[in-house]
Participant: 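Here you go, one structure.
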Amino acid sequence: MTQLPPQHNVPEKPSLANLEDKWGKKWVTEKTFAFDKSAPREAVYAIDTPPPTVSGALHVGHVFSYTHTDLIARFQRMSGKSVFYPIGWDDNGLPTERRVQNYFGVRCDPSLAYQANYQPEKSDSETQVAISRKNFVELCEYLTTEDEKAFEELFQTLGLSIDWDYTYQTIDEKARVVSQRAFLRNLERQEAYQAEAPTLWDVTFKTAVAQAELEDRERPGAYHRIRFKKPDNSFVEIETTRPELLPACVALVAHPDDERYKPLFGTTVKTPLFEVEVPVVAHSLADPEKGSGIAMICTFGDLTDVTWWREFNLPTRPIIGWDGRITKECPSWIESASGISLWPEIAGKTAHSAKELIANLLKDSGDLIGEIRPITHPVKFFEKGDKPLEIVTTRQWYIKNGGRDQALRKDLLGRGTELNWHPDYMKVRYQNWVEGLNGDWLISRQRFFGVPLPLWYRLDANGNPDYSQVITPNEADLPIDPQSDVPSGFIEEQRNQPNGFIGDPDVMDTWATSSLSPQIAARWELDKELFEKVFPMNLRPQSHEIIRTWLFSSVVRANSEHNSLPWTDVAISGWILDPDRKKMSKSKGNVITPMNLLQEYGSDAVRYWAAMGRPGTDTAFDTGQMKIGRRLAIKILNASKFGLTLGANSNFENITNPLDKSMLAQLTQVVENATKAFSTYDYTKALESVETFFWNFTDDYLELIKERIYGAQGEAEAESAKAALGLALSILQRLFAPFLPFVTEEVWSWWQTGSIHKKPWPKAEELHAYAENPELLADVSAVLTEVRKAKTVAQLSMRADVSQLVVICNDVFANHLKSAQKDLFAAGRVQNLEITLGDELSIKVSLV
RNA sequence: GGGCCUAUAGCUCAGUUGGUUAGAGCACUGCCCUUACAAGGCAGGUGUCGGGGGUUCGAGUCCCUCUGGGCCCACCA
């Protein structure tokens, strides 16, 4: 074994084993990635990391996109920026509630009293145990804390260079203060308002949902053709998929130009069964091609009903309650004896069973014409719900988002243009969404685990709430829970009493909190110094499907509160696809757990795969790429060991050999390319550039200098190679550091002090004095490849001798060969070289 | 119905403002124990660049059109 220089500490048998544990722990305990608050504003790079939803397991997609952000963070840090890279846990909202329900088999019943020291029992039975709101929230907090520990461990194993001292939870006290404060400011500026209005309603969760949370699902349905009686006792026939809404019918509508129905406009007809008189109206949204060309308007079957109801100022006749069932009491507008007598049959039924029942009743009465025709059609669902949405009229809180205000919309579209998008074409999705908004942002939710709306209302002399008299807290008292805190000027005994007050029972939409993630992480109004350093932030990384929610709502909040964007740049990451090109499903994601992946291939290898996924591009899940990444990491270990063992050093003034200078000239180009790519967020291009050089470096350059470095050409020539090797290794290890943080930290520790991740990103200037003529190495490599090929074709060992090498080339090429001739002879076992000048390059290898 | 992305080797993908004979990795095959690395190295074949039309001296690249795939939105009687 060659003697090692004393300062080097290269292991006998380098290995990737346990590097995650060794370095990951050290980075955390030594606070390697701590944000330096003392850095000047322009030297700060702040990242608005997506807070992952803590509602179960992380999947491969998280590993993918969080790695992308980490690559940028590490590049910026090495480039001299003080990087503010916090993380939050999104433990606020429905997913947590639902997970607690399933995990512990409980459900929240706010009417129950709190049980101290309640211990949930896991039961297999279908029935859920009812517990108080406070007990429920405690279970939410317990479970999220457990999940957050697992998340933290995974992210540390993955090597995310997060500053863990700035971790927040979207339900923690600081986040509640920020979101309540922001809401109160919205309210002061009249950007928040309450309204009694038809609202999309999930009957399972019993909560309102926002436009952004809708999704369509294909569901079976059926056309029912139903006749309404005209004043002259003849009939008009409509078609509907929702016959159960017949008692909620408030009008019929047809297109104004529809000759078939023109005579009916302005007249009234009677609903079958219930015999309620309703007008026939004309509206351009009615489609003559659909059904019979005339439709019934109900309160409310769909969003078009809401439009018609509003424009014609029609009465509100809701029959579906908040539980999704038909109301128990017969509604007042049903006055006919037949209607009143059949009501008890449908009262309390779900929409689904009422549909069947009414269809049968219509059949019996002869009002159902022809057969029921089954179809499949898209139905609106809450994206987290299992049952179709209903539309019910409720009082809710809204924040203006440009959906009803052209001036605001124009401002927000302007913000979208001002933002730097990576990739750029993603901005179109933002524009389409903003241009298509048709209402303000509904933020109140009838849930338990979330940030409460910080509001109380006055109760009148009869004990009824007067919603026009909103009582707000002082900002200094935040956060508050209006269910347990008392507004100033009142005492607890006045709660729910006539002339007293009532707390708003609702919580805010999860996006109402998430939209403030930059302000929460930057500790807005809590740490002025920090906030001024990091806000507006530099980067928001996120995926494309939440441009309309998270990105847009964040822009809305920052625009109104700070009159600025929340960040200058947004980087959109793609999705992980199955090998069959479909979006990777949750179930499959759970089979391949991220931790297993990291353990099997190594974190650096998994990061390599992620880094090969370009910004914004969907990428196939591919363990093959991880194997390549692992091979690269091992190669870095071995090449570093080799170089250091041979005596790589920093005596750069010894670099005189033309081949060494040529290699460094190539490396200069790599540094320039990688830096340029990284600064435009194209980490993939940066990695490719470095990797390509590195393999050529090991395959050709290291082979060429082997004998020289052992002293075959004398001391000076050996020293030139050792110094060039030292410089190249230092540069290469740093270039790889953002991608493969563990293996680079390991090899760096063999011969340098301090963490490589805090060392400067390589600059071309480091190399300029020693770099010259990149073509020389390329030409020598080309000849070496021909020599190897000849040996391969002859099925000989690479150690076989070459008796004669005949090269026809131009004089530049010839000079290149001559200046590296000794190295070429040694690496190729060449005994003799004959050069003839000519235009056509030709290389002829004669073996012994 | 509107918008965006995408189509290149068996697979995964590069291909810059149009410019020699379109590249890489994987996979596959063969060879080599070469004193960093056999979990290695070296070498090798592979293409109607989705179809059609146009602009140009020249098109994988620009324009038009058709087709396939993906995503977002709208429609929901």
Side-chain angles (χ1 to χ4, degrees), chain A residues 1-2 10 13-16 214-216 218-219 221 223-226 238-243 245 252-254 285-287 289-298 301-305 308 375 377-380 388 423 425-433 435-438 544-545 547-548 574-575 577 579 581-583 609 612-614 616-622 624-625 627-628 630-631 633-646 676 684-685 688 691-692 695 698-699 702-703 706 710 784-800 827 829:
Chain A
M1 194 74 213
T2 316
V10 183
K13 188 81 188 162
S15 156
L16 296 179
L214 302 183
E215 66 182 33
D216 285 350
E218 285 292 330
R219 280 292 179 277
Y223 279 123
H224 300 66
R225 197 174 182 97
I226 300 172
I238 62 108
E239 287 203 354
T240 181
T241 56
R242 300 203 60 184
L245 290 179
L252 297 190
V253 64
L285 276 179
D287 183 353
E289 302 297 317
K290 267 186 190 157
S292 60
I294 185 163
M296 69 171 181
I297 305 175
C298 306
D302 60 44
L303 291 172
T304 324
D305 280 346
W308 286 325
I375 52 156
H377 63 156
V379 178
K380 285 209 184 310
Y425 61 77
M426 287 291 179
K427 81 163 60 143
V428 178
R429 298 198 181 205
Y430 175 94
Q431 284 162 353
N432 287 347
W433 175 252
E435 283 161 1
L437 285 169
N438 54 31
H544 47 69
E545 83 275 18
I547 288 173
R548 62 178 180 162
W575 280 339
L577 304 175
R581 310 303 300 158
K582 295 274 185 283
K583 186 186 174 187
W609 159 73
M612 292 306 272
R614 291 184 145 71
T617 308
D618 294 345
T619 301
F621 178 78
D622 186 0
Q625 286 291 318
K627 287 177 186 161
I628 298 163
R630 188 173 176 84
R631 202 176 60 142
I634 292 170
K635 192 77 175 177
I636 290 172
L637 283 178
N638 286 320
S640 297
K641 176 190 164 194
F642 182 54
L644 296 176
T645 307
L646 290 178
K676 195 176 157 198
T684 307
K685 202 183 224 176
E688 279 178 347
E691 191 189 4
T692 302
W695 285 108
T698 58
D699 293 347
L702 289 185
E703 292 299 329
K706 251 182 194 171
Y710 284 125
L784 184 58
T785 298
E786 287 302 317
V787 170
R788 286 173 180 149
K789 191 189 288 189
K791 294 180 185 178
T792 299
V793 168
Q795 302 201 346
L796 288 172
S797 158
M798 289 300 138
R799 297 171 77 183
R829 312 268 164 173

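Hydrogens, waters and symmetry mates play no part in the numbers below; they use all other heavy atoms, side chains included. Proteins get letters first, then strands, A, B, ... in listed order; numbering begins at 1 in each.
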Participant: Name the closest nucleotide to the A/F642 side chain, picking from B/A36, B/G30, B/C32.
Facilitator: B/A36

Participant: Starting the side chain at C-beta, find the nucleotide from B/C76, B/C71, B/C73 nearest to A/W575.
Facilitator: B/C71

Participant: Write down the distance separating the C1' atoms in B/A59 and B/U17, rounded off to the nearest Å.
Facilitator: 14 Å

Participant: Between A/S640 and A/I636, is there a donor-acceptor pair closer than 3.5 Å when you use the side chain of the first and the backbone of the second?
Facilitator: yes

Participant: Using the side-chain heavy atoms of A/Q795, tell me which of these nucleotides is nearest: B/C42, B/G30, B/A36.
Facilitator: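 The answer is B/G30.
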
Participant: Check the pair A/L303 / A/K380 against side chain to side chain contact (heavy atoms under 4.5 Å, CB included), numbers first and verdict last.
Facilitator: CA-CA 10 Å; A/L303 291 172; A/K380 285 209 184 310; 3.9 Å; yes

Participant: What is the distance from atom CE of A/M612 to atom CD1 of A/I628, rounded to the nearest 0.5 Å?
Facilitator: 7.5 Å

Participant: Are any of the side-chain nitrogens in A/R614 or A/E688 under 4.0 Å away from the carboxylate oxygens of its partner?
Facilitator: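 A salt bridge is present here (some side-chain N lies under 4.0 Å from a carboxylate O).
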
Participant: Take N1-N3 plus N6-O4 or O6-N4 for Watson-Crick, N1-O2 plus O6-N3 for G-U, both under 3.5 Å. Which runs of 3 or more such pairs involve RNA chain B?
Facilitator: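 B:1-7 with B:67-73, B:10-13 with B:23-26, B:28-32 with B:40-44, B:50-54 with B:62-66 - these are the stems of 3 or more pairs that involve RNA chain B.
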
Participant: Indicate the atoms forming the closest heavy-atom contact of A/D302 with A/T304, along with that distance.
Facilitator: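 Smallest interatomic distance, heavy atoms only, reads OD1-N, 2.8 Å.
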
Participant: Using the P atom as the point on both nucleotides, what is the distance between B/G47 and B/G60, in whole Å?
Facilitator: 16 Å

Participant: Out of B/C76, B/U12, B/A39, which has the shortest distance to the side chain of A/K380?
Facilitator: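 So the side chain of A/K380 is nearest to B/C76.
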
Participant: Would you name the heavy atoms of A/R225 and A/S292 that are closest together and state the gap between them?
Facilitator: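 Result for this residue pair: NH2-CB, 3.6 Å.
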
Participant: Tell me which nucleotide among B/U12, B/A36, B/A39 gets nearest to the side chain of A/Y710.
Facilitator: B/A36

Participant: In whole angstroms, how far is the C1' atom of B/G41 from the CD atom of A/E703?
Facilitator: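 In whole Å, B/G41 C1' and A/E703 CD are 8 Å from each other.
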
Participant: Give the nucleotide from the list B/U12, B/C73, B/C42 with an atom nearest to the side chain of A/R548.
Facilitator: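 It is B/C73.
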
Participant: Could you work out the separation of B/U20 and B/G15 based on their C1' atoms and round it to a whole Å?
Facilitator: 16 Å

Participant: Would you classify A/D699 as touching base, sugar-phosphate or nothing, given that sugar-phosphate means primed atoms plus P, OP1 and OP2, and contacts are heavy atoms under 4.0 Å?
Facilitator: sugar-phosphate

Participant: For residues A/L245 and A/C298, report the shortest heavy-atom separation together with the two atoms involved.
Facilitator: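 It is O-SG, 3.6 Å.
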
Participant: Does A/E688 or A/L303 map to a spot on RNA chain B nearer the 5' end, using the closest nucleotide for each?
Facilitator: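 Whichever sits nearer the 5' end wins; that is A/E688.
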
Participant: Return the minimal non-hydrogen interatomic distance between A/K791 and A/M798, and the atom names on each side.
Facilitator: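 The answer is NZ-O, 2.9 Å.
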
Participant: When you measure from the side chain of A/H544, which nucleotide among B/C71, B/A36, B/C76 comes out closest?
Facilitator: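 Out of B/C71, B/A36, B/C76, the nucleotide with an atom closest to A/H544's side chain is B/C71.
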
Participant: Indicate for each nucleotide in nucleotides 22-29 of chain B, in 5' to 3' sequence, whether protein heavy atoms under 4.0 Å reach the base (B), only the sugar-phosphate (S), or nothing (-).
Facilitator: ---SS---

Participant: Go through the steps to decide whether A/T241 and A/Y223 satisfy the test side chain to side chain contact (heavy atoms under 4.5 Å, CB included), and finish with yes or no.
Facilitator: CA-CA 5 Å; A/T241 56; A/Y223 279 123; 4.0 Å; yes

Participant: How many Å lie between CG on A/L245 and P on B/C76, as a whole number?
Facilitator: 15 Å

Participant: Mind checking A/S640 for me? I need base, sugar-phosphate or nothing, with any heavy atom below 4.0 Å counting as a touch.
Facilitator: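 It contacts nothing in the nucleic acid.
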
Participant: From C-beta outward on A/K290, which listed nucleotide comes closest to its side chain: B/C76, B/C71, B/C37?
Facilitator: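 Looking only at heavy atoms from C-beta outward on A/K290, the closest nucleotide is B/C76.
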
Participant: Aromatic rings A/F621 and A/W609: how do their planes relate, parallel, tilted or perpendicular, breaks at 30° and 60°?
Facilitator: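 Rings of A/F621 and A/W609: perpendicular, as their planes differ by over 60°.
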
Participant: Return the 5'-most residue of the pair A/I375, A/K706 with respect to RNA chain B, ranking by each residue's nearest nucleotide.
Facilitator: A/K706

Participant: What is the distance, to the nearest angstrom, from the CZ atom on A/R829 to the P atom on B/C42?
Facilitator: 16 Å

Participant: Tell me what A/K635 touches on the nucleic acid: a base, only sugar-phosphate, or nothing, going by heavy atoms under 4.0 Å.
Facilitator: base

Participant: P atom, B/G52 versus B/C13: distance in rounded Å?
Facilitator: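 The answer is 25 Å between these two P atoms.
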
Participant: Show the nearest heavy-atom pair for residues A/P423 and A/G616, with the distance to one decimal.
Facilitator: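 Of all heavy-atom pairs spanning A/P423 and A/G616, the closest is CD-CA, 3.9 Å.
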
Participant: Can you measure from CG (A/D618) to NE2 (A/H544) and round to the nearest 0.5 angstrom?
Facilitator: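 The CG atom of A/D618 sits 4.5 Å away from the NE2 atom of A/H544.
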
Participant: Using a cut-off of under 3.5 Å, enumerate the N/O to N/O pairs linking the protein to nucleotides 2-11 of chain B.
Facilitator:
from, atom 1, to, atom 2, distance (Å)
B/G3, O2', A/N432, ND2, 3.1

Participant: With P as the reference atom in both, quote the distance from B/U8 to B/U48 in angstrom, rounded to an integer.
Facilitator: 11 Å

Participant: Figure out the CH2/P separation between A/W695 and B/C37, and round it to whole Å.
Facilitator: 14 Å

Participant: Using atom C1' in both nucleotides, what's the gap between B/G10 and B/C4 to the nearest angstrom?
Facilitator: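 These two C1' atoms come out 31 Å apart once rounded.
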
Participant: Tell me: CD1 of A/I297 to P of B/C76, nearest whole Å?
Facilitator: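 After rounding, the reported distance stands at 12 Å.
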
Participant: What distance, rounded to whole Å, do you find between the two C1' atoms, one in B/U55 and one in B/C62?
Facilitator: 8 Å

Participant: Indicate the atoms forming the closest heavy-atom contact of A/I226 with A/P243, along with that distance.
Facilitator: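 Shortest heavy-atom separation between A/I226 and A/P243 comes out as CD1-CB, 4.0 Å.
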
Participant: Which whole-number value in Å describes the distance from A/I636 CD1 to B/A39 P?
Facilitator: 19 Å

Participant: Could you please name the option among B/C76, B/U12, B/A36 that lies closest to any side-chain atom of A/H377?
Facilitator: B/C76

Participant: Using a 4.0 Å heavy-atom cut-off, does A/W609 contact any base of the nucleic acid, only the sugar-phosphate backbone, or nothing at all?
Facilitator: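 No contact.
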
Participant: Kindly compute the distance separating CZ (A/R429) from CD (A/E545), expressed to the nearest 0.5 Å.
Facilitator: 9.0 Å

Participant: If the C1' atom of B/U67 is compared with that of B/G51, how far apart are they to the nearest Å?
Facilitator: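 Looking at atom C1' only, B/U67 and B/G51 are 7 Å apart.
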
Participant: To the nearest 0.5 Å, how far apart are CD1 in A/I547 and CD in A/Q431?
Facilitator: 11.0 Å

Participant: Reckon A/M296 touches a base, only the sugar-phosphate, or nothing at all at heavy-atom distances under 4.0 Å?
Facilitator: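 If one applies the 4.0 Å heavy-atom cut-off, A/M296 turns out to touch nothing in the nucleic acid.
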
Participant: For A/T785, report the nucleic acid contact type (base, sugar-phosphate, nothing); a contact means any heavy atom under 4.0 Å.
Facilitator: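 A/T785: backbone/sugar contact only, no base atoms under 4.0 Å.
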
Participant: Roughly, in whole Å, what's the span from CZ in A/R614 to C1' in B/U16?
Facilitator: 12 Å

Participant: With heavy atoms under 4.0 Å as the rule, sort A/A286 into base, sugar-phosphate or nothing.
Facilitator: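 Contact class for A/A286: base.
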
Participant: Could you state the CG-P distance from A/L796 to B/G41, rounded to the nearest angstrom?
Facilitator: 21 Å

